[in-house]
Amino acid sequence: MSESETNADVPPYRYTAAMAAEIEPRWQAYWADNGTFFAPNPTGELADAAHPRAGAPKLHVQDMFPYPSGAGLHVGHPLGYIGTDSYTRYKRMAGYNVLHPMGFDAFGLPAEQYAVQTGTHPRTTTEANVERYRGQLRRLGLAYDDRRSFSTTDPEYYRWTQWIFLQVFNSWFDPSLRKARPIATLIDQFVSGARKADDRPWAELSAAEQRAVINEHRLAYVSEAPVNWCPGLGTVLANEEVTPEGRSERGNFPVFQRSLKQWKMRITAYGDRLVEDLDGLDWPEPVKLMQRNWIGRSRGAHVDFPIDGFKISVFTTRPDTLFGATYMVLAPEHSLVDSLVPAAWPEGTKDAWTGGHATPEAAVAAYRAAAAAKTEQERTADAKVKTGVFTGAYATNPVNGARIPVFIADYVLAGYGTGAIMAVPGQDERDWAFAEVFDLPIIRTVQAPADFEGAYTGDGPAVNSDFLNGMGVVDAKASMISWLEEKGHGRGATTFRLRDWLFSRQRYWGEPFPIVYDETGLPIALPDSMLPVELPDVDDFSPRTFDPQDAASEPETPLSRKKDWVNVELDLGDGPKQYVRETNTMPQWAGSCWYELRYLDPHNDKALVDPENEAYWMGPQRAGDPGGVDLYVGGVEHAVLHLLYARFWHKVLFDLGHVSSYEPFRKLFNQGYIQAYAFRDARGVIVAAEEVVERDGRWFHGDQEVSREYGKMGKSLKNVVTPDEMSEQYGADTFRVYEMAMGPLDVSRPWETRAVVGSQRFLQRVWRLVVDETTGAVRVTEDPLDVKTRRALHRTIDGVRGDMDELRFNTAIAKLIELTNTLTPLPAASREAIEPLVLMMSPFAPHLAEELWRKLGHDGTLAYVDFPVADPALLVAESITYPVQVNGKVRGRVEVAPDTTEDSVRAAALAEVAEALAGREPRKVIVVPGRLVSVVV
RNA sequence: GCGGAAGUGGCGUAAUUGGCAGCCGCGCUAGGUUUAGGUCCUAGUACUCGAGAGAGUGUGCGGGUUCGAGUCCCGCCUUCCGCACCA
């Protein structure tokens, strides 16, 4: 209930929810009508030389844009938005040309699934949701440049998403230059003979063969990829959509691991740069660490182990331990396993190695079947107990000629490295565990500490290693790599945990690929002039489903049934011909991978972004600066995927000369989450949180006691609180102030509606300083402040500026409340204090501040009024009070002038605590200037 | 298991980054205003002992460094987040 409902006798001019409901829409309309938050570009249609910030230093701040879900916003969603809004309002007043845009990431599964269920077109749902979000955001008074807003589903937007895809498709990564280059430069190399395709001269390859060779090098390419195929749903599933039992979470259908032809992006080519360029970013260290771990660059060597005329290549990060390699392990799926297996067990095969089978072939087949039957989860859950089986084959250790047995085991993954390892039990814990189970020899090649048990992975001098003996790990690695390269047994190498990016989806609601196929079945890029390839309407949004057990079925996408769209006659330069369109769509990441650039020049139909606009808003500011958005705020859940994909595309665009920055986001800030309590009754049923009351530290729903838990805000926990409710009950300004005051922006915390009233009281007190609640008259005086209050004001200004610069909004608000509490008891508030207070309030409570600013006699908006500046002379304290500690306990205080010498402070302090010293001679006296005096006896 | 983050009053938090622990707010207590409740204003509110002045204790636990530790170091405990045998 709002106050106006419970109070018949509220003074008519008090700041209440009802008054906020009058003030807030009025100022929102003013800002919209006057384009208050439009930011001028240097060039193009958004340039405006008359703008008050034209030519000013720029600041580009961005939020991770939302997916507009049908549920609307809850109070947790806008936390970051209010933070960036407060920050940018402050910076605009501090003189910056501020760009703060907002858009919508609107392709995606929920709208599509809703369409499958109801037949409603995803565009209809999406547009309605976007409108609802716009309304909710507008109601919070967020100061966006609305001219720059877009949705990733707008054809004018995804035209450029498709254009970037073509840029990627038409590029290859030149390892010698470590950058992407136009595919034409690669073709030139083949034509000139500088690069060889195979044994034949380039000109002897057929046109289709040439195209196939070129395609192998493109940054976007089609290849077989292992996926979770669910015939019952007719779709490919993410790991998280597959249950531990290997069935689909939705519908409980069987899921099959199989290969499908998929589009991929060669992000692995950028592995080095994606790791190295993290160093230049102002990002939270944990996020950088997560990216490094995800990319997982490891340096080491490929080593070739000969077996009967061919060889198995392994990757190792520890080539220095090669003398300790006493066996090898291949992934069960490794393609060479079949050609290794001999007809019978060799002499001396231990019983434990055979798995109880009469022949190696039977043992391998049985082990493979067992491994394949396990889901990925089972395989990893069982990882503690090492299993495997001997293949019957022996390889030769190239460094010493030793015959070593070759096993298959599921602790080696087919998809990582070469799918084969050399096992060094002395220096690897997994290999040690395996060696113990199968009774394999263990040779230490690094000197372990005297009483060390188990695999030793630390540093130390090499032992049992011939020419490496005595070297440390780093030197030994380098020496071994040189030796391998010299003898032709291997070479130095780097591998990545990162895998190429699976870029196609068998869905409807996504960007169509600007790709067609001709009779060769090879992909052809459409020319830019044919963009956008618009997503056609279809009758049925669901994929074709199959017999749930039919593992051999092939996905049939919604677009593939649209025959008149799929089969198309085009003139691609060699006359009209028939083509078949690509019917996969792009993943939801595509639209969010580059949106930061489109805000800069949202309506440009000649280019993704005008280079001058890009250079102004995102270009490097000095040597060594990667460039990018000045501040990017969003949740830590995007620490890896979104931020990695966006960095990758940005680097491709940089390499091809389309942008001057080589990183998209210079500074990253992760806001915390607002979580909420939920309540469960004795039967375990969640009850509506708003109906629960607290009595004596226990919680009751009606008469029934309920238990409290803590979790995400959401429908399922019946604990959603919306910003709309808060606006109705308190006003948007109160809500904004509360969200900013409740704690540091980067810390998660529980929502508590009953505490919001504290922020409303604060705003009421500020209002009351200016406005007489009974008459509505403005009651500030023109008298100057007394010196003490003036000093308090300037300390506040100084502190608030410092806090705002560091995004410490909670402490900034605490300081503003303190100042307000200082002014409240004064007989009349002086304009000298009120105007700076109102200006300092305005980033947090912009509607209230604009209204008071108007009442104080100013025209227009305060959005471009200078933020108050503290007078340094008033920040110097009049006197300093030193606490005097004796043996760590405060035993007295002395007050001295700020310029008192250290000796005088010491003397005064000793006199002050003479009684506590009781005649004892101080052993030590420490004077910390400006802080305290510590006496030790 | 590995990695990351974090543990401060009844609750959300603050602490100039090694210098008086608890700013600001919620809640609570008392008083004023009010017919009453609510609003608003004033005062109080870490814990223990004490009538009181005051004394002692206190930042998850146990050690350590230091004149001085919420902050730094070592070892544990708990919670949250992320990852899954990464050769």
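Naming: A, B, ... by sequence-line order, numbering from 1 per chain.
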Distance-only side-chain donor-acceptor flag, [X] / [Y], under 3.5 Å:
{"X": "A:Y738", "Y": "A:D733", "answer": "no"}
{"X": "A:R893", "Y": "A:T881", "answer": "no"}
{"X": "A:S759", "Y": "A:Y730", "answer": "no"}

Is [X] touching bases, backbone alone, or none of the nucleic acid, heavy atoms closer than 4.0 Å?
{"X": "A:T418", "answer": "nothing"}
{"X": "A:V329", "answer": "nothing"}
{"X": "A:R497", "answer": "base"}
{"X": "A:T495", "answer": "nothing"}
{"X": "A:L289", "answer": "sugar-phosphate"}
{"X": "A:R923", "answer": "nothing"}

Choosing from [options], which nucleotide comes nearest the side chain of [X]?
{"X": "A:A814", "options": "B:A14, B:C24, B:U17", "answer": "B:C24"}
{"X": "A:T811", "options": "B:A15, B:A87, B:C11", "answer": "B:A15"}
{"X": "A:P750", "options": "B:C85, B:C83, B:G12", "answer": "B:G12"}
{"X": "A:L932", "options": "B:C40, B:G56, B:G19", "answer": "B:G19"}

Tell me: [atom1] of [X] to [atom2] of [N], nearest whole Å?
{"X": "A:M841", "N": "B:C24", "atom1": "CE", "atom2": "C1'", "value": "14 Å"}
{"X": "A:R808", "N": "B:U16", "atom1": "CZ", "atom2": "C1'", "value": "9 Å"}
{"X": "A:L826", "N": "B:U42", "atom1": "CG", "atom2": "C1'", "value": "15 Å"}
{"X": "A:Y882", "N": "B:U16", "atom1": "OH", "atom2": "C1'", "value": "15 Å"}
{"X": "A:Q427", "N": "B:C86", "atom1": "CD", "atom2": "C1'", "value": "18 Å"}
{"X": "A:N293", "N": "B:G3", "atom1": "CG", "atom2": "C1'", "value": "7 Å"}

Rounded distance in Å between the [atom1] positions of [N] and [M]:
{"N": "B:C41", "M": "B:U33", "atom1": "C1'", "result": "8 Å"}
{"N": "B:C74", "M": "B:G3", "atom1": "P", "result": "14 Å"}
{"N": "B:A55", "M": "B:U35", "atom1": "C1'", "result": "48 Å"}
{"N": "B:C49", "M": "B:G58", "atom1": "C1'", "result": "15 Å"}
{"N": "B:G12", "M": "B:G7", "atom1": "C1'", "result": "15 Å"}
{"N": "B:G60", "M": "B:U8", "atom1": "P", "result": "6 Å"}
{"N": "B:C86", "M": "B:C77", "atom1": "C1'", "result": "31 Å"}
{"N": "B:G32", "M": "B:G68", "atom1": "C1'", "result": "45 Å"}

Between [Y] and [X], is there a salt bridge with N-O shorter than 4.0 Å?
{"X": "A:R791", "Y": "A:E878", "value": "yes"}
{"X": "A:E773", "Y": "A:R768", "value": "yes"}
{"X": "A:K815", "Y": "A:E818", "value": "no"}

ask   = A:T317 or A:M290: which one's nearest nucleotide on RNA chain B is closer to the 5' end?
value =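 Of the two residues, A:M290 wins.
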RNA chain B: 5'-proximal contact among A:P286 and A:R768 (nearest heavy atom) =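 Its nearest nucleotide being more 5', the pick is A:P286.
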ask   = Which dot-bracket notation, 5' to 3', represents the base pairing of RNA chain B when pairs are defined as Watson-Crick or G-U with both distances under 3.5 Å, crossing pairs as [ ], and inter-strand pairs as |?
value = (((((((..(((......[....)))((((((.......))))))((((....))))..(((((..]....))))))))))))....
query = Would a line drawn from the ring center of A:Y327 to the ring center of A:F434 be shorter than 6.0 Å?
reply =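 Yes, the ring centres sit under 6.0 Å apart.
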inquiry  = Is it true that, when you exclude A:R499 itself, more than 12 heavy atoms of the residues, nucleotides or ligands shown sit nearer than 6.0 Å to its CZ?
reply    =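 Not more than 12 within 6.0 Å, no.
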query = So, is B:G9 syn or anti if syn means the angle is within 90° of 0?
reply =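 Syn, which is what one calls it when the glycosidic angle falls within 90° of 0.
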query = Under a 90° cut-off about 0 for the syn range, is B:U33 syn or anti?
reply =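 B:U33: anti glycosidic orientation.
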inquiry  = Once you measure the plane-to-plane angle for A:Y645 and A:W501, does it fall in the parallel (<30°), tilted (30-60°) or perpendicular (>60°) bin?
reply    =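 Judged by the thresholds at 30° and 60°, the geometry between A:Y645 and A:W501 is parallel.
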message = Quick check: closest heavy atoms across A:Q885 and A:L932, and the distance to 0.1 Å?
response =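 So the two residues come closest at NE2-CD2, 3.6 Å.
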For A:M64 against A:G634, the heavy-atom pair lying closest together =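 Shortest heavy-atom separation between A:M64 and A:G634 comes out as SD-CA, 3.5 Å.
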OP1, OP2 of [N] versus side-chain N and O of [X]: anything below 4.0 Å?
{"X": "A:R761", "N": "B:C40", "answer": "yes"}
{"X": "A:R292", "N": "B:G3", "answer": "no"}
{"X": "A:N821", "N": "B:G25", "answer": "yes"}
{"X": "A:R765", "N": "B:C40", "answer": "no"}

ask   = Think A:R14 forms a cation-pi with A:W767, using NZ or CZ under 6.0 Å from the six-ring centre and within 45 degrees of its axis?
value =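 No, A:R14 and A:W767 do not form such a contact.
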task = Return yes if the base of B:C40 and the side-chain atoms of A:R14 contain a donor-acceptor N/O pair under 3.5 Å, otherwise no.
result =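 In this structure, the two groups form no donor-acceptor pair.
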Using nucleotides 65-68 of chain B, report all nitrogen or oxygen pairs with the protein that are shorter than 3.5 Å.
from  : atom 1 : to     : atom 2 : distance (Å)
B:C67 : OP1    : A:K924 : NZ     : 3.1
B:C67 : O2     : A:S934 : OG     : 2.7

